[in-house]
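Working notes, beginning with the structure itself.
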Amino acid sequence: LCLKESEMKQIFDFLRKISGGTLTQKQVDATNVVIATATDSTVADMLGIAIDQMVVSLFGIDLICGFEGLCLKAYDDGVGVWTIGFGTTVYPNGIRVKKGDTCTEAQAKAYMVYDLKKFESAVNNAVTVPLNQNQFDALVSLTYNIGPSAFSKSTLVKKLNAGDIRGAAEQFDVWVNAGGKRMQGLVNRRAKENEVFLK
């Protein structure tokens with residue numbers, strides 16, 4: 001995929017804007033990987049053509065990657081769901097991840113780019129009030145973890161749409177169990193997401 005210099009500048013200017021002014025070399029490299037593997041429609045989204053919805057920032061992507069970690073071999077997530085890469089459970093072709101699957105780091109990043117669209121869309125569709133970038137990033141991170149259906153039906157969304165930001169923030173703590181057990185990793189993740197949400 002070949003982009004004009006002006007188009008590349010537009011993408012990087014936008015990314016700098018949503019990430020607070022500067023990009024790390026790691027973020028620049030990650031963006032170059034995404035652009036190199038992107039389809040025309042993805043590039044259209046990147047350039048802001050026909051897109052009126054929020055997208056997760058590079059900070060948000062780093063946040064999610066930090067929680068999910070990278071695993072190039074499929075693993076059981078603890079409640080019987082096979083997972084690979086940065087928390088992918090279903091490949092872009094619709095096939096579920098299964099025991100024995102492996103992927104490369106580049107594939108894991110491509111899966112995540114695909115997954116993020118689904119979770120961004122879930123947040124954009126469920127939330128009817130304006131959000132700042134931190135709130136959106138925190139909500140996408142939560143949705144990435146609990147799933148679009150659970151997010152859209154949650155009390156958190158109801159409170160948020162009613163304008164109760166504090167009440168919504170308190171709802172992050174509800175999502176700390178997996179398989180009926182309180183998980184310290186989820187407690188830590190929700191605390192960080194809540195902190196970002198309130199910024």
Partners of K192 by salt bridge (charged side-chain N to carboxylate O under 4.0 Å, His left out), sequence neighbours excluded?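 Scan of K192 (salt bridge (charged side-chain N to carboxylate O under 4.0 Å, His left out), adjacent residues dropped) gives E195.
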Which residues share a salt bridge (charged side-chain N to carboxylate O under 4.0 Å, His left out) with R189, sequence neighbours left out: E68, E193
Which salt bridge (Lys or Arg N to Asp or Glu O under 4.0 Å) pairs, counting each pair once, include a residue from residues 69-98, with sequence neighbours left out? K98-D101
Going only through I, L, V, M, F, W and Y residues with side-chain contacts under 4.5 Å, is there a path from [X] to [Y]?
X: L72; Y: M112; result: yes
X: L198; Y: V127; result: yes
X: Y75; Y: V90; result: no
X: F119; Y: I146; result: yes
X: V129; Y: F151; result: yes

Of N124, D137, L160, which meets side chain to side chain contact (heavy atoms under 4.5 Å, CB included) against L131? L160
Could you tell me whether the side chain of E120 and the main chain of V56 form a donor-acceptor pair under 3.5 Å?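 Yes, because the side chain of E120 sits within donor-acceptor range (under 3.5 Å) of the backbone of V56.
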Is S141 reaching over with its side chain to a backbone N or O of A138, donor-acceptor style, under 3.5 angstrom? no
Would you indicate whether the side-chain heavy atoms of K109 and V113 approach each other to under 4.5 Å? no
For residues I61 and L116, determine if any side-chain heavy atom of one lies less than 4.5 Å from a side-chain heavy atom of the other.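 The answer is yes, as the side chains (C-beta and beyond) meet within the 4.5 Å cut-off.
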Contacts of [X] that satisfy side-chain hydrogen bond (donor to acceptor under 3.5 Å, both in side chains) - sequence neighbours left out:
X: S149; result: K153
X: S121; result: N125
X: N194; result: none
X: K118; result: none

What verdict does the side chain to side chain contact (heavy atoms under 4.5 Å, CB included) test give for V140 and I64, after you've listed the backbone C-alpha separation in whole Å, the side-chain angles of each residue and the deciding distance to 0.1 Å? CA-CA 9 Å; V140 171; I64 295 166; 4.0 Å; yes
Using links of under 4.5 Å between side-chain heavy atoms of ILVMFWY residues, direct or through other members, which residues join Y114 in one cluster?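 Its cluster mates, by chain and number: none.
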Heavy-atom closest pair, residues [X] and [Y]:
X: M54; Y: F136; result: O-CZ, 3.4 Å
X: A108; Y: G85; result: CB-CA, 3.7 Å
X: A74; Y: V97; result: CB-CG1, 3.8 Å

Intermediate values then yes/no, side chain to side chain contact (heavy atoms under 4.5 Å, CB included), K159 and I165: CA-CA 7 Å; K159 287 182 178 285; I165 303 293; over 6 Å; no
Run the ring pair (Phe, Tyr, Trp, His ring centres under 6.0 Å) test against F86 and tell me which residues pass, sequence neighbours left out. none
What residues form a ring pair (Phe, Tyr, Trp, His ring centres under 6.0 Å) with Y111, not counting sequence neighbours?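 Here the qualifying residues are Y91.
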Working for side chain to side chain contact (heavy atoms under 4.5 Å, CB included), residues V123 and V157: CA-CA 9 Å; V123 174; V157 169; over 6 Å; no
How long is the span from the [atom1] atom in [X] to the [atom2] atom in [Y], to the nearest 0.5 Å?
X: I84; Y: C71; atom1: CD1; atom2: SG; result: 7.5 Å
X: R166; Y: E170; atom1: CZ; atom2: CD; result: 8.0 Å
X: S57; Y: N134; atom1: OG; atom2: CG; result: 7.5 Å
X: L142; Y: F67; atom1: CG; atom2: CZ; result: 10.5 Å

Show me, pair by pair, the donor-acceptor contacts under 3.5 angstrom made by side chains of residues 171-180, not counting sequence neighbours?
unit_1 : atom_1 : unit_2 : atom_2 : d
N177   : OD1    : R182   : N      : 3.2

Could you tell me which residues satisfy side-chain contact (heavy atoms from CB on, under 4.5 Å) with S152, sequence neighbours excluded, listed by chain and number? A126
Given the rule in the side chain to side chain contact (heavy atoms under 4.5 Å, CB included) test, do Y144 and D115 qualify, once you have shown the distances and angles that lead to the verdict? CA-CA 8 Å; Y144 200 99; D115 288 343; 3.8 Å; yes
